[in-house]
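Any value given below was found using the heavy atoms of this structure, including those in side chains, with hydrogens, waters and symmetry copies removed.
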Amino acid sequence: MIRAIRTLGLAVTLAALSLATAPSAGATAPANTTTTTASSGATERTPIGGGTGIIFRMAPSPEDYQSFYVCTLTAVGRDEGGNLVGLTNAHCFYDADGNKLVGAKVYRDTSPAGTAFAPAPLADSRPDLATGPIGEVTYVGTPNNLLSNGPKGLDYAVIKLDETRVQATATVGGVTIKSIGAPPATGTRMCKQGHRTGLTCGMRLGTNGIWFTHLIWLDGGDSGSPVVSGTTLVGNAWGAQHSSSIQDIIRELNALGGVGAGFRLTT
């Protein structure tokens with residue numbers, strides 16, 4: 001996650017990127033993909049998926065803001081209740097006092113995704129006001145707390161999405177997600193799609209406690225990026241070359257119940 005403040009049209013980073021509160025990013029998308037079809041009068045929904053950039057906590061308002069936060073969606077799918085839901089990192093939705101920001105409204109970031117050599121400028125991040133809020137945070141889990149004495153978590157959050165505004169897509173940027181599986185063997189090449197630095201790849205290094213480690217490059221704004229092996233989603237990236245297994249996240253969601261339980265891909 002990264003927080004920015006606008007001053008005279010510039011974006012200045014306020015929160016330092018720490019290893020415990022990791023990077024984030026999203027995907028390239030048109031500034032306005034919500035249109036009305038003249039012949040049918042039907043409204044087309046904005047496609048979002050694993051790798052789409054999200055922007056939230058815009059103050060004082062989404063229409064006129066001086067500060068904001070950005071992260072990236074891990075995946076979009078359905079839960080056992082039939083809800084369309086998105087997953088991202090938990091640390092994106094904690095305030096400075098450690099409060100969970102359940103109920104926060106989330107927008108799609110209309111800025112193009114960056115690359116490792118040319119990260120997407122924070123000053124370019126904009127909420128998709130034409131589509132409007134794409135969902136609301138319903139659950140915030142335990143953050144990774146890698147470098148703190150706090151409880152170690154899988155670092156995921158659940159967003160209940162508004163199906164009147166968005167629809168799931170399997171492909172964002174350079175990543176297509178067709179299935180869910182376990183992290184591959186050590187030495188296997190994996191990739192992530194993040195809004196800040198786009199598609200980056202690196203091999204799996206091993207395991208560190210409840211997480212797996214790798215050499216995939218991340219930057220501020222990439223938090224929540226899907227980590228894939230081929231077209232199989234294997235984890236969510238939260239920084240410091242660490243990720244949580246998507247299968248572990250789903251098992252925990254199933255045990256908790258509620259929105260997100262029984263998560264499965266829909267595309």
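- Closest heavy-atom contact between F56 and C92: CE1-O, 3.2 Å.
- Closest of all the heavy-atom pairs between Q193 and G174 is OE1-N, 3.0 Å.
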* Tell me, with the steps shown, if S111 and R108 meet side chain to side chain donor-acceptor pair (under 3.5 Å). => CA-CA 9 Å; S111 65; R108 184 179 68 91; over 6 Å; no
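- Annotation: the span from D79 atom CG to R264 atom CZ amounts to 7.5 Å, rounded to 0.5 Å.
- Remark: R165 does not engage E44 in a salt bridge, criterion side-chain N to carboxylate O under 4.0 Å.
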* Yes or no on side chain to side chain contact (heavy atoms under 4.5 Å, CB included) for M190 and V234, after CA distance, side-chain angles and deciding distance? -> CA-CA 9 Å; M190 304 180 296; V234 299; 4.1 Å; yes
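- Between E136 and K160, none of the side-chain N atoms (NZ, or NE/NH1/NH2) sits under 4.0 Å from a carboxylate O, so this pair counts as no salt bridge.
- No side-chain heavy atom of L73 sits under 4.5 Å from any side-chain heavy atom of L87.
- Classified by interplanar angle (parallel below 30°, tilted 30° to 60°, perpendicular above 60°), the ring pair H242/W211 is perpendicular.
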* To do: Before giving the answer on side chain to side chain contact (heavy atoms under 4.5 Å, CB included), spell out for D128 and D109 the whole-Å C-alpha distance, their side-chain angles and the decisive distance to 0.1 Å.
  => CA-CA 6 Å; D128 182 353; D109 189 339; over 6 Å; no
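- Between V140 and V137 the shortest side-chain heavy-atom distance falls below 4.5 Å.
- L233 is not connected to M203 by any chain of hydrophobic side-chain contacts under 4.5 Å among Ile, Leu, Val, Met, Phe, Trp and Tyr, and they are in different clusters.
- For the atom pair N89 CG and S243 OG, the distance stands at 8.5 Å (nearest 0.5 Å).
- Cluster membership check: V227 does not share its hydrophobic cluster with L218, using side-chain heavy-atom separations under 4.5 Å among Ile, Leu, Val, Met, Phe, Trp and Tyr.
- Heavy atoms only, all atoms of each residue included: V76 and G49 are closest at CG2-CA, 3.7 Å.
- With rounding to the nearest 0.5 angstrom, the OG1 atom of T267 is 6.0 Å from the CG atom of L265.
- Atom CD1 in I55 sits 11.5 Å away from atom CD1 in I134 (nearest 0.5 Å).
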* **Check against side chain to side chain donor-acceptor pair (under 3.5 Å), T231 and T176** => CA-CA 5 Å; T231 58; T176 296; over 6 Å; no
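- Put simply, the side chain of P151 reaches to within 4.5 Å of the side chain of N145, judged on heavy atoms.
- Smallest separation of non-hydrogen atoms from Y107 and P62: OH-CG, 3.5 Å.
- Taken from CG in N83 to CZ in R78, the straight-line distance is 8.5 Å, to the nearest 0.5 Å.
- Heavy atoms only, all atoms of each residue included: W217 and Q241 are closest at CA-NE2, 4.4 Å.
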* Full working for side chain to side chain donor-acceptor pair (under 3.5 Å) between T232 and S179 -> CA-CA 5 Å; T232 299; S179 61; 2.9 Å; yes
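- For the side-chain hydrogen bond (donor to acceptor under 3.5 Å, both in side chains) criterion with D155, the lone passing option out of T142, N236, N144 is N144.
- No single ILVMFWY cluster, assembled from side-chain heavy atoms under 4.5 Å apart, contains both I177 and I216.
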* Asked: Would Y139 and V102 satisfy side chain to side chain contact (heavy atoms under 4.5 Å, CB included), going step by step from the backbone distance to the final call?
  -> CA-CA 6 Å; Y139 178 77; V102 172; 5.9 Å; no
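- Residue L215 holds its CG atom at 12.0 Å from CZ of R189, rounded to the nearest 0.5 Å.
- Looking at heavy atoms from C-beta onward, L199 lies in side-chain contact with V175 at the 4.5 angstrom threshold.
- The shortest distance between side-chain heavy atoms of T213 and R204 does not fall below 4.5 Å.
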* After noting the C-alpha distance and the side-chain angles of V166 and L84, does the key distance pass the side chain to side chain contact (heavy atoms under 4.5 Å, CB included) rule? -> CA-CA 9 Å; V166 298; L84 188 68; 4.2 Å; yes
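- Scanning all heavy atoms of the two residues, the minimum distance from S125 to Y65 falls at O-OH, 3.2 Å.
- A heavy-atom distance below 4.5 Å is not found between the side chains of P226 and K192.
- No side-chain heavy atom of F212 sits less than 4.5 Å from a side-chain heavy atom of L205.
- Two residues are said to be in side-chain contact when any heavy atoms from C-beta on lie closer than 4.5 Å; L101 and D95 meet this criterion.
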